[in-house]
Amino acid sequence: MPHRPRRLRLAPASLFGRLLLLLLAGLGAALALSAWLTLTDRGEALYRVLVTDNAERIANLVELLDGLDEGDRARVVDALDLPPLYIRLDLAWAGNPAEVSPQAAALAGALHAQLGDDRPLAVSLSHGEAAGSGRDEDDGKGRRAPSFFVQVGLADGGTVSFLYVLPRFIGAQPVRLLAALALVSVIVLAVSVLAVRGLTRPLARLAGAARELGTDLERPPLPETGPVEVRDAAIAFNDMQARLRRQLAERDQLLAAVSHDLKTPLARLRLRLELIGESGVQARALADLADLETTVADTLDFLRAGREEATVPVAIGALAEALADDAADTGAAVEVLGDGGAPLPARPRALRRCLQNLLDNALRYGAGDGPVEIVLRDAPQALGICIRDRGPGLPETELERVFEPFRRLEHSRSRATGGTGLGLSIARALARSHGGELTLANRDDGPGLEARLTLPRPPAAGRS
């Protein structure tokens with residue numbers, strides 16, 4: 001097969017992963033927007049409350065100081081200069097530019113509404129030491145607390161300065177809010193995982209049933225439960241399985257009838273041939289009859305593919321050793337390499353027929369410098385069986401075509417050397433009836449052909 005470049009996947013390959021990723025992306029965006037809106041509204045609401053409260057207090061203090069002389073003003077300011085509102089009389093007019101922030105503009109508007117539009121005043125937002133106020137408030141973590149700095153002109157031309165240091169909770173991180181959002185995220189994530197798994201599990205069950213259907217038409221039907229779409233898919237799958245069983249049963253009945261109808265005339269023909277006096281004609285006729293019987297038997301085996309046999313655990317290593325011993329009894333050299341591992345669920349006679357056909361082909365066409373090898377490679381997912389010979393191999397164009405029914409590996413029409421042309425077709429049909437696959441390839445380490453049979457192992461217990 002040509003090498004295909006691996007594509008970079010930006011999304012999970014499974015439907016479960018993609019749905020979960022989509023839900024998490026939407027959840028993250030929704031929570032981020034919700035947190036931003038909540039924090040923004042929270043800050044604006046707190047500032048609005050503080051502006052309304054402090055505008056009225058500052059206006060009352062300015063009106064009070066307007067009616068006092070310098071000595072009384074100083075005593076009143078000393079008495080009222082308490083956090084969070086600090087008051088100073090000794091700061092010159094700073095002339096700060098007009099603040100354009102919504103909070104400062106709101107405070108300035110509220111003060112003008114209380115004191116009049118002709119009253120000189122300046123409002124600014126500051127952090128830490130505000131406009132020369134001399135106050136430096138720390139929030140306890142090395143950071144300076146945010147504040148309002150207000151200067152108002154008095155009636156006699158003096159200036160009073162106010163520094164309001166905002167409570168720390170306004171500038172602090174909203175830990176409780178963030179913790180609540182995190183808790184909501186965890187809950188929604190857990191619900192999303194359960195919901196997505198519940199949606200994708202029927203699809204996984206349907207895919208598994210479809211894979212099993214290729215090897216076992218008698219598997220139990222799918223449960224017809226769940227949402228409407230899942231039930232409809234299960235009903236359609238079960239109907240398809242039932243139709244396939246009926247069609248195969250009808251075909252098996254037809255094959256049995258054909259086999260029965262052929263046996264009787266073939267038996268009569270054999271009896272009549274034995275009455276022919278000329279021995280040469282009789283021998284040729286009996287050989288043709290034997291070929292016909294073999295062809296009929298092989299054709300029926302190809303169509304049945306061993307389906308009538310029950311599945312039991314088969315020790316593949318022992319089966320390979322038995323085939324090698326049988327070949328040795330005929331004088332052929334066969335070696336078994338590797339370990340077949342744990343027994344594999346299979347139909348014993350069908351699997352033996354598959355391996356025997358491959359071994360016969362290797363011995364018939366691959367007589368070379370060394371013995372035929374049966375190589376076993378066990379893995380958790382599949383068992384590999386490779387039958388290798390040292391014959392001339394095959395052209396690349398023939399490696400797949402030889403599996404076609406009645407196509408022989410050599411051009412001779414002799415039954416003695418060419419067989420019926422169904423050996424590899426039967427072997428592949430038996431392999432696929434076990435859920436496996438059979439391919440041919442020329443050897444990489446010199447002349448020769450190797451038949452590669454791969455048989456899947458069932459999933460381990462408890463593995464999804």
Side-chain angles (χ1 to χ4, degrees), residues 9 11-24 188-256 302-314 316 341-351 354 378-384 428-438 453-464:
R9 287 181 176 175
S14 66
L15 180 61
F16 174 81
R18 293 190 179 189
L19 287 177
L20 188 59
L21 179 62
L22 183 62
L23 285 176
L24 292 181
V188 174
L189 174 61
V191 173
S192 300
V193 170
L194 293 177
V196 173
R197 187 175 294 279
L199 289 173
T200 56
R201 184 174 294 164
L203 295 177
R205 187 164 57 240
L206 181 60
R211 284 191 295 268
E212 293 177 8
L213 191 64
T215 58
D216 183 14
L217 273 177
E218 302 302 323
R219 65 171 307 280
L222 284 174
E224 298 174 359
T225 58
V228 175
E229 295 81 3
V230 174
R231 289 202 305 271
D232 289 345
I235 291 172
F237 183 87
N238 291 337
D239 289 344
M240 178 189 68
Q241 181 179 351
R243 287 196 301 270
L244 288 174
R245 280 203 298 260
R246 287 195 299 270
Q247 291 173 0
L248 288 177
E250 292 171 356
R251 192 182 76 168
D252 288 343
Q253 291 175 357
L254 177 61
L255 291 175
F302 171 68
L303 294 174
R304 288 170 179 155
R307 289 191 311 275
E308 71 282 356
E309 189 180 3
T311 298
V312 297
V314 177
I316 304 299
L344 182 76
R347 294 184 291 275
R349 292 194 301 275
L351 185 56
C354 174
D378 188 30
Q381 292 77 25
L383 172 67
R428 174 172 273 187
L430 293 172
R432 289 178 173 175
S433 71
H434 285 83
E437 187 54 81
L438 173 63
L453 173 62
T454 303
L455 299 173
R457 286 196 174 276
R463 187 175 65 193
S464 60

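On a predicted model such as this, the values are computed, not experimentally measured, just so you know.
Every residue two or more places apart in sequence or in another chain that forms a side chain to side chain contact (heavy atoms under 4.5 Å, CB included) with Pro221 is listed here: Asn238. With sequence neighbours excluded, the residues forming a side chain to side chain contact (heavy atoms under 4.5 Å, CB included) with Pro223 are Arg205, Thr225, listed by chain and number. Not a single salt bridge (charged side-chain N to carboxylate O under 4.0 Å, His left out) links Glu224 to another residue, sequence neighbours left out. The side chain to side chain contact (heavy atoms under 4.5 Å, CB included) search around Pro456 returns none, not counting sequence neighbours.
The nearest pair of heavy atoms linking Pro458 to Leu344 is CD-CD1, 4.5 Å. Heavy-atom minimum distance, Val312 versus Pro348: CG2-CG, 3.4 Å. The shortest heavy-atom contact between Ala234 and Leu222 is CB-CB, 4.2 Å. When all heavy atoms are compared, the tightest approach of Pro343 to Pro313 is CB-CB, 3.8 Å.
Atom-to-atom distance recorded for Leu351:CG and Ile316:CD1 is 5.0 Å, nearest 0.5 angstrom. One distance of note links CG of Leu383 with CG of Leu453; it measures 8.0 Å at 0.5 Å rounding.
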Under the side chain to side chain contact (heavy atoms under 4.5 Å, CB included) rule, what do Arg347 and Ser433 come out as? Steps first, then yes or no, please.
CA-CA 10 Å; Arg347 294 184 291 275; Ser433 71; 2.6 Å; yes

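With a 4.5 Å cut-off on side-chain heavy atoms, Asp378 and Arg457 count as touching.
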